[in-house]
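Data block below; observations after.
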Amino acid sequence: MALKLSVQTQFGVPAPQAYARITNFFGTKDQIQVQVAIHYDESARHGNMATVKENAHYINMEDLKGDLVPAIYEVLKTYSDYAGAEDV
């Protein structure tokens, strides 16, 4: 599971087919921290190329409904960093 979206890389280069996936999450009964790696595109991810951007987000557990990982992706899609993102 991952998200496809359009981002600017940290170098200002557009990545119109960027591939974002959760790499780690941890937390307490109240909230989790989610780490997301963003690759230039899906082939860059599967080719083990470096990320073009990495994000960390805090999510309240009460905002997560259903299975944990799909629920995290649903919450991420509500953030401006992932506006217009599609499930992959």
Side-chain angles (χ1 to χ4, degrees):
M1 181 165 231
L3 298 174
K4 186 190 307 184
L5 66 156
S6 178
V7 300
Q8 282 288 110
T9 69
Q10 62 213 27
F11 305 109
V13 176
Q17 298 289 312
Y19 185 83
R21 72 179 192 88
I22 296 168
T23 57
N24 192 17
F25 60 89
F26 55 92
T28 67
K29 64 181 180 68
D30 298 318
Q31 72 175 4
I32 59 172
Q33 180 188 20
V34 178
Q35 296 172 334
V36 180
I38 303 175
H39 294 268
Y40 184 77
D41 60 18
E42 189 172 357
S43 66
R45 156 61 183 110
H46 293 295
N48 291 320
M49 298 186 74
T51 60
V52 296
K53 192 173 184 183
E54 294 187 18
N55 294 333
H57 306 283
Y58 289 93
I59 299 174
N60 290 323
M61 290 301 289
E62 64 189 27
D63 295 336
L64 301 171
K65 309 291 184 229
D67 292 332
L68 185 59
V69 174
I72 294 170
Y73 279 108
E74 288 303 314
V75 170
L76 289 175
K77 290 191 292 187
T78 68
Y79 295 169
S80 60
D81 287 351
Y82 306 93
E86 300 173 4
D87 294 329
V88 181

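Heavy atoms only: backbone and side chains are in, while hydrogens, waters and symmetry mates are out.
- Of all non-hydrogen atoms in Y58 and Y79, the two that sit nearest each other are O-OH, 3.5 Å.
- Contacts classified as side-chain hydrogen bond (donor to acceptor under 3.5 Å, both in side chains) and involving residues 22-34 (residues at least two apart or in different chains) are given here: N24-Q35.
- Linking Ile, Leu, Val, Met, Phe, Trp and Tyr residues whenever their side-chain heavy atoms come within less than 4.5 Å places L3 and F25 in a single cluster.
- Taken from NE2 in H39 to NE2 in H46, the straight-line distance is 9.0 Å, to the nearest 0.5 Å.
- Evaluation of the salt bridge (Lys or Arg N to Asp or Glu O under 4.0 Å) rule for D87 yields K77 as partners, not counting sequence neighbours.
- The side-chain heavy atoms of I38 and V52, taken from C-beta on, include a pair separated by under 4.5 Å.
- We find the CG-CD1 distance between L76 and I59 to be 5.0 Å, quoted to the nearest 0.5 Å.
- Of all non-hydrogen atoms in N55 and K53, the two that sit nearest each other are OD1-CE, 3.8 Å.
- Of all heavy-atom pairs between Y73 and A20, the closest is CE2-O, 4.1 Å.
- Two different hydrophobic clusters hold F26 and V36 under the rule that ILVMFWY side chains link at heavy-atom gaps under 4.5 Å.
- Every pair tested for side-chain hydrogen bond (donor to acceptor under 3.5 Å, both in side chains) that includes a residue from residues 60-71 fails, sequence neighbours excluded, so the list is empty.
- Remark: Y82 pairs with H57 by the ring-ring contact (aromatic ring centres under 6.0 Å, His included) rule, at least two apart or across chains.
- Linking Ile, Leu, Val, Met, Phe, Trp and Tyr residues whenever their side-chain heavy atoms come within less than 4.5 Å leaves Y19 and V69 in two separate clusters.
- Under the side-chain contact (heavy atoms from CB on, under 4.5 Å) criterion, M61 pairs with I32, L64, not counting sequence neighbours.
- Here the CD1-CD1 distance, from I72 to I22, works out to 4.5 Å after rounding to the nearest 0.5 Å.
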Extract all donor-acceptor atom pairs below 3.5 Å that involve side chains of residues 4-15 and protein atoms in other chains or at least two apart in sequence.
from, atom 1, to, atom 2, distance (Å)
Q8, NE2, G12, O, 2.8
T9, OG1, F11, N, 3.2
T9, OG1, G12, N, 3.4
T9, OG1, V13, N, 3.1
T9, OG1, V13, O, 3.3

